[in-house]
Amino acid sequence: MTHEIHHFDLGLWVLFVAYGTSIAGSYVGLSCVRQAHTRSSRTARWAWLLLGALSLGGVGIWITHFIAMMGFSVPGSLIRYDPVLTALSAAVAVAATLFGLWLIDIRALSAGPLGRAIALSVGGVVMGLAVSLMHYSGMAAIRISGTLTHDSLFVMVSILIGIGASTAALWLARRAARLATRVLGAVIMGGAVAALHYTGMAGLHVDMSTEAPVPDGVPIMTLLLAAFAVGTLVLSAPLILLVFASRAGEAHLDEAVEQWVTDRHGDPATSWRHLDGQAGVRQGRRGGHYRFPTAPPRMRSTPSYSEDRH
């Protein structure tokens with residue numbers, strides 16, 4: 001006989017905290033992916049992709065799952081988690097996410113619409129399966145005074161949700177030049193993680209056993225304490241690097257503009273007044289946007305992907 005279970009034992013606030021955490025991790029992860037797409041160095045691309053996988057897979061997926069599990073309770077039974085399987089679920093989430101992000105880097109495949117479509121499709125499937133595999137491996141780590149079973153229909157639906165939303169998020173990640181696009185991708189990815197989690201939990205059944213031993217393992221709060229500590233470090237590193245990368249890009253722009261002015265008009269200290277009088281200049285230097293009378297300066301930046309122009 002199926003036993004009673006609760007998914008929001010602490011209240012609906014758990015859902016919103018989990019969703020917000022997933023959005024934050026997804027946004028930082030997609031921003032790292034964007035940085036990887038603008039790097040010509042293979043080492044730099046892999047470094048940014050790894051940071052993206054840690055943020056998206058580790059925080060946006062794995063920690064989100066266990067935040068949501070704070071609301072899970074089985075009346076009459078303690079709930080504990082196997083630390084080995086829990087750590088394995090984290091490794092699965094990060095590794096599979098890294099593989100999916102690598103696939104959408106079109107330099108890993110041949111150029112062209114077909115190659116990009118294949119990379120996006122495979123990447124979406126892999127990331128969707130990563131979210132699903134993390135969820136169900138995390139559920140396998142649960143220890144109660146009984147057994148857990150999953151309805152196959154809910155399992156299939158949750159996997160399809162993960163694949164569809166992950167594909168959409170990766171598609172947006174390749175075009176995430178604007179802040180709004182990255183935010184939209186993070187909202188979609190966060191929604192996918194939350195929808196997959198609660199769809200899978202809706203198909204969960206518990207069978208209690210009076211002969212089962214007392215569950216052995218780690219309580220959810222102890223697990224989350226360690227997860228939050230690690231998650232804070234995981235998000236802090238890419239956030240700091242993203243800030244430095246943004247400032248470096250602005251510095252390169254300023255340097256390129258100064259060089260262009262010097263080449264055409266001599267001393268840059270006196271040439272801006274001359275430029276401001278030309279019809280090609282639309283905004284002041286402080287605004288940071290110019291239409292140069294001739295071709296703009298050659299900037300020291302890496303080439304962007306062709307699909308960003310579509």
Side-chain angles (χ1 to χ4, degrees), residues 5-31 52-74 79-81 85-87 89-94 96-97 127-142 148 150 154-155 157-166 168-169 182-204 218-236 238-239:
I5 57 177
H6 299 156
H7 298 297
F8 301 100
D9 192 55
L10 298 181
L12 284 175
W13 64 268
V14 174
L15 168 62
F16 295 106
V17 171
Y19 184 40
T21 301
S22 186
I23 290 177
S26 298
Y27 175 78
V28 174
L30 294 179
S31 297
L54 288 170
S55 302
L56 181 54
V59 177
I61 298 175
W62 185 75
I63 291 182
T64 296
H65 168 80
F66 285 99
I67 290 176
M69 291 304 293
M70 285 195 304
F72 176 68
S73 67
V74 179
I79 298 178
R80 297 292 184 264
Y81 292 84
L85 286 178
T86 300
S89 67
V92 166
V94 173
T97 301
M127 283 196 62
L129 291 177
V131 179
S132 305
L133 185 57
M134 191 289 311
H135 173 82
Y136 290 107
S137 60
M139 293 300 295
I142 295 178
L148 300 175
H150 298 274
F154 283 92
V155 172
V157 172
S158 66
I159 292 174
L160 291 176
I161 291 174
I163 292 175
S166 296
R182 290 195 298 274
V183 171
L184 178 60
V187 169
I188 292 175
M189 193 66 200
V193 175
L196 185 155
H197 175 86
Y198 287 106
T199 299
M201 295 299 289
L204 179 68
V218 181
I220 183 66
M221 291 303 177
T222 302
L223 180 65
L224 278 176
L225 180 61
F228 270 119
V230 175
T232 300
L233 293 175
V234 166
L235 282 185
S236 297
L239 279 173

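Throughout, numbering of the chain's residues begins at 1 and tracks the sequence. Values in this document were obtained by computation on a predicted structure and should not be read as measured data.
Of the listed residues (L233, L239, V234, T232), just one forms a side chain to side chain contact (heavy atoms under 4.5 Å, CB included) with S236, and that residue is T232.
Remark: I5 CD1 to L204 CG distance equals 4.5 Å, nearest 0.5 Å. Taking NE2 of H197 as the start and CE of M134 as the end, the distance is 8.5 Å to the nearest 0.5 Å. Put simply, CD1 on I142 and CZ on R80 are 12.5 Å apart, with the number rounded to the nearest 0.5 Å. Note that OG of S89 and CZ of F66 are 4.5 Å apart. Values are rounded to the nearest 0.5 Å. Atom CG of L224 and atom OH of Y81 lie 8.5 Å apart (nearest 0.5 Å). From I159, atom CD1 reaches atom CG of L196 across 8.0 Å, with rounding to the nearest 0.5 Å.
Residue S22 comes nearest to M189 through the heavy atom pair OG-O, 4.2 Å, listed as atom of the first residue, atom of the second, then distance. Counting all heavy atoms, side chain and backbone alike, A141 lies closest to T86 at CB-OG1, 3.6 Å. The minimum heavy-atom distance linking Y19 with G191 is given by the pair CE1-N, 3.2 Å. Heavy-atom minimum distance, G190 versus S26: N-OG, 4.1 Å. The minimum heavy-atom distance linking V14 with I67 is given by the pair CG1-O, 3.1 Å. Between G185 and L30, the shortest heavy-atom contact is C-CD1, 3.6 Å.
A 4.5 Å side-chain heavy-atom check between M69 and I79 finds every atom pair outside the cut-off. Between Y27 and V183, some side-chain heavy-atom pair lies under the 4.5 Å cut-off. Annotation: side chain of L15 is not in contact with side chain of H7 (no heavy-atom distance under 4.5 Å). Contact annotation: the side chain of V17 never approaches that of M70 to less than 4.5 Å [non-hydrogen atoms, C-beta and beyond]. The closest side-chain heavy-atom distance from V59 to V28 is not below 4.5 Å. Side-chain contact between S55 and L235: present, with at least one pair of heavy atoms (C-beta onward) separated by less than 4.5 Å.
Taking the six-membered ring where tryptophan is involved, the planes of H65 and H135 are perpendicular, since the angle between them exceeds 60° and thus also 30°.
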